[in-house]
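Take a look at the structure set out below.
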Amino acid sequence: MILDTITNAHRYHCLGPGFVKAFEYLAQTDFHTLEKGKYEIDGTNLFAIVNEYDTVDPSGEQMEAHKKYIDIQYIVKGAELIGHDFLQQQTPSKAYSETEDYMLFGEKPAFFTRLDQQHFAIFFPTDLHMPNLRIDQPAAVKKVVIKLAV
């Protein structure tokens with residue numbers, strides 16, 4: 001996993017052309033006016049999901065992991081906590097869904113990171129993550145999740 005600010009995105013271009021395209025899309029798009037929804041960048045290889053929600057209490061949430069896509073989660077407005085951990089020998093509480101590309105894990109996160117506006121997190125298939133968590137109280141967040149095919 002990688003946690004950083006969008007001003008440092010250029011440091012991760014070395015991860016490949018998909019990351020370059022993803023960060024260019026984040027830099028060139030006005031997400032404040034963009035509606036919620038799914039936006040194609042490069043077919044099924046690279047797309048964005050724009051979402052708005054109120055953050056939630058972690059007690060009812062589970063960590064997730066993906067196999068087909070890397071997540072680049074970017075905060076447009078607001079702030080949230082993201083719980084995370086390394087995927088090692090944990091047993092899924094919800095088996096992997098090929099069509100939805102996710103599985104769930106009941107373990108509690110080992111780490112929590114606060115993401116503020118213009119922060120991003122990259123979660124690889126070896127990373128468990130629990131996004132959308134409240135800091136103190138529920139709060140409104142607008143976030144973009146870029147899905148990059150592995």
Side-chain angles (χ1 to χ4, degrees), residues 1-27 31 38-39 41-150:
M1 68 198 73
I2 296 172
L3 307 163
D4 210 333
T5 62
I6 200 67
T7 56
N8 294 326
H10 63 280
R11 294 180 179 170
Y12 307 101
H13 287 185
C14 62
L15 295 174
F19 284 93
V20 174
K21 282 184 186 178
F23 287 121
E24 285 175 351
Y25 181 80
L26 289 174
F31 293 107
K38 182 176 175 180
Y39 297 88
I41 303 168
D42 184 16
T44 59
N45 291 321
L46 186 66
F47 58 92
I49 300 168
V50 177
N51 201 4
E52 293 182 79
Y53 52 86
D54 288 336
T55 55
V56 298
D57 187 274
S59 63
E61 300 300 304
Q62 294 189 57
M63 289 190 290
E64 63 185 54
H66 312 285
K67 291 184 179 183
K68 292 193 247 180
Y69 289 96
I70 296 165
D71 274 7
I72 303 172
Q73 299 195 12
Y74 173 67
I75 304 293
V76 175
K77 180 184 75 167
E80 70 179 36
L81 289 180
I82 292 186
H84 47 96
D85 204 343
F86 301 102
L87 178 57
Q88 296 170 343
Q89 300 299 321
Q90 302 94 330
T91 301
S93 60
K94 180 182 184 314
Y96 179 71
S97 167
E98 182 80 25
T99 56
E100 296 177 310
D101 186 40
Y102 82 95
M103 56 190 149
L104 295 177
F105 295 84
E107 288 84 1
K108 299 299 178 204
F111 313 98
F112 288 89
T113 299
R114 178 183 172 135
L115 293 183
D116 289 298
Q117 189 172 318
Q118 297 191 349
H119 290 179
F120 69 87
I122 301 173
F123 295 106
F124 297 94
T126 55
D127 301 323
L128 296 172
H129 51 288
M130 182 190 289
N132 310 351
L133 304 178
R134 67 173 173 75
I135 296 169
D136 294 315
Q137 299 296 321
V141 169
K142 186 167 191 178
K143 180 165 64 176
V144 179
V145 177
I146 304 280
K147 295 290 202 170
L148 173 59
V150 175

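To the nearest 0.5 Å, the span separating CG on Asn132 from CG on Asp57 amounts to 12.5 Å. To the nearest 0.5 angstrom, Lys147 atom NZ is 12.5 Å from Ile41 atom CD1. Expressed to the nearest 0.5 Å, how far NZ of Lys143 lies from NZ of Lys77 amounts to 14.0 Å. Between atom NZ of residue Lys108 and atom CD of residue Glu61 there is a gap of 9.5 Å, rounded to the nearest 0.5 Å.
When the salt bridge (Lys or Arg N to Asp or Glu O under 4.0 Å) test is applied to Lys142, no partner is found at least two apart in sequence or on another chain. Looking at residues two or more places apart in sequence or on another chain, you find a salt bridge (Lys or Arg N to Asp or Glu O under 4.0 Å) between Lys68 and Glu98.
Classification of the Tyr25-Phe31 ring pair by plane angle, with boundaries at 30° and 60°, yields perpendicular. Ring geometry for Phe86 against Phe111 counts as perpendicular: the plane angle is over 60°, on a 0 to 90° scale with 30° as the lower cut. Classified by interplanar angle (parallel below 30°, tilted 30° to 60°, perpendicular above 60°), the ring pair Phe123/His129 is parallel.
Checking side-chain atoms of Asp71 against main-chain N and O of Gln73 turns up no donor-acceptor pair under 3.5 Å.
Counted within 6.0 Å of CD on Gln137, heavy atoms from surrounding residues, nucleotides or ligands total 12 or fewer; the atom is thus considered open.
A distance below 6.0 Å separates the ring centres of Phe47 and Tyr69.
The side-chain heavy atoms of Val141 and Asp54, taken from C-beta on, include no pair separated by under 4.5 Å. Side-chain atoms of His84 and Asp127, non-hydrogen and from C-beta on, never get closer than 4.5 Å to each other.
Listed by first and then second residue, the side-chain hydrogen bond (donor to acceptor under 3.5 Å, both in side chains) pairs involving residues 115-126 are Arg114-Asp116 (not counting sequence neighbours).
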